[in-house]
Amino acid sequence: MATNRTFTMLKPDAVENGHMGKIIDMIIQSGFEIKAMKYTRLSTEQAKKFYEVHAERPFYGELVEYMTSGPIVAAILEKENAVADFRALIGATDPAEAAEGTIRKSYAESKGRNAVHGSDSDENAVIEGKFHFSANEIF
Ligand code: DAT
Ligand code: MG
């Protein structure tokens, strides 16, 4: 069942490079409504848990270190077909492979430092949203 919601993080490189405002604007202009948003920093424990599906991958340690290296913006977004439409808006994991006009094509530094996260399923969107927000922070 589609929830029409997805979860995103503007990653440390996007914040560091001053792209936060432009990316949020792209998200809103693409028809997503912000249901929850916070400026925060992941602890090592949180980053490990969030990316635990990648625990066996060779880049896991680097990923956790990077995701805890500075503040991020976490948000829950709503739109019809939110998960798939947001994946289309952010583009491929590697910005070199991302389509023109996507957030990663425009703002990501590399496959590892790729500006933005987007949930890959409705189920994970719910899990990831709950990971960052309590019920009274979601509107
Ligand atoms: P996505 O973020 O597009 O869903 P993913 O879930 O496969 O991609 O991987 C999660 C994050 O891990 C990704 O945004 C960046 C990092 N990552 C993935 N593959 C990588 C690689 N080959 N080298 C370095 N970092 C990688
Ligand atoms: Mg993923």
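Count residues from 1 along the sequence. Quantities reported herein were computed from a predicted structural model and do not represent experimental measurements. Read the numbers this way: they start at 1 and go in the same order the structure lists the ligands and their atoms.
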*Asks:* Would you indicate whether Glu16, at its atom CD, is surrounded by more than 12 heavy atoms from other residues, nucleotides or ligands within a distance under 6.0 Å?
*Replies:* yes

*Asks:* Any nitrogen or oxygen of Glu62, side chain or backbone, less than 3.5 Å from one on ligand 1?
*Replies:* no

*Asks:* Would you check the N or O atoms of Arg87, main chain and side chain alike, for any that come under 3.5 Å of an N or O of ligand 1?
*Replies:* yes

*Asks:* Is it true that Asn114 lies under 4.0 Å from ligand 1, counting heavy atoms only?
*Replies:* yes

*Asks:* Is Thr93 in polar range of ligand 1, meaning some N or O pair under 3.5 Å apart?
*Replies:* yes

*Asks:* Would you sort out whether Val116 and Tyr107 count as a side-chain contact (heavy atoms from CB on, under 4.5 Å), showing the intermediate values?
*Replies:* CA-CA 9 Å; Val116 61; Tyr107 299 115; over 6 Å; no

*Asks:* Can you list every pair that meets salt bridge (charged side-chain N to carboxylate O under 4.0 Å, His left out) and has a residue in residues 124-133, with sequence neighbours left out?
*Replies:* none

*Asks:* Using side-chain heavy atoms (C-beta onward) and a distance below 4.5 Å, is Asp120 in contact with Val83?
*Replies:* no

*Asks:* Within the supplied structure, the quantity of interest is the number of heavy atoms (other residues, nucleotides, ligands) at a distance under 6.0 Å from Glu137 CD; does it exceed 12?
*Replies:* yes

*Asks:* Hey, quick one: are Ile138 and Phe50 part of the same hydrophobic cluster, counting side-chain heavy atoms closer than 4.5 Å, chains of contacts allowed?
*Replies:* yes

*Asks:* Check the surroundings of atom NZ in Lys49: do more than 12 heavy atoms from other residues, nucleotides or ligands lie under 6.0 Å from it?
*Replies:* no

*Asks:* At less than 4.0 angstrom from any non-hydrogen atom of Gly112, what atoms of ligand 1 do you find?
*Replies:* 25 (N)

*Asks:* For atom 15 (C) of ligand 1, find the nearest protein heavy atom and state the residue, atom name and distance (0.1 Å precision).
*Replies:* Lys111 O, 3.2 Å

*Asks:* Considering heavy atoms of the protein only, find what lies nearest to atom 24 (C) of ligand 1 and give residue, atom and distance to 0.1 Å.
*Replies:* Phe59 CB, 3.7 Å

*Asks:* Which part of Met9 is near ligand 1, with near meaning a heavy atom under 4.0 Å away: side chain, backbone, both or neither?
*Replies:* neither

*Asks:* Around atom 2 (O) of ligand 1, find the nearest protein heavy atom and jot down its residue, atom name and distance.
*Replies:* Arg104 NH2, 3.0 Å

*Asks:* Counting from 1, what ligand 1 atoms have a heavy atom of Leu63 closer than 4.0 Å?
*Replies:* 12 (O), 16 (C)

*Asks:* I'd like to check the side chain to side chain contact (heavy atoms under 4.5 Å, CB included) partners of Tyr60; sequence neighbours left out, ordered by chain and number.
*Replies:* Lys48, Tyr51, His54, Ala55, Val64

*Asks:* Suppose we measure from atom 7 (O) of ligand 1 to each protein heavy atom; which comes out shortest, and what is that distance?
*Replies:* His54 CE1, 3.9 Å

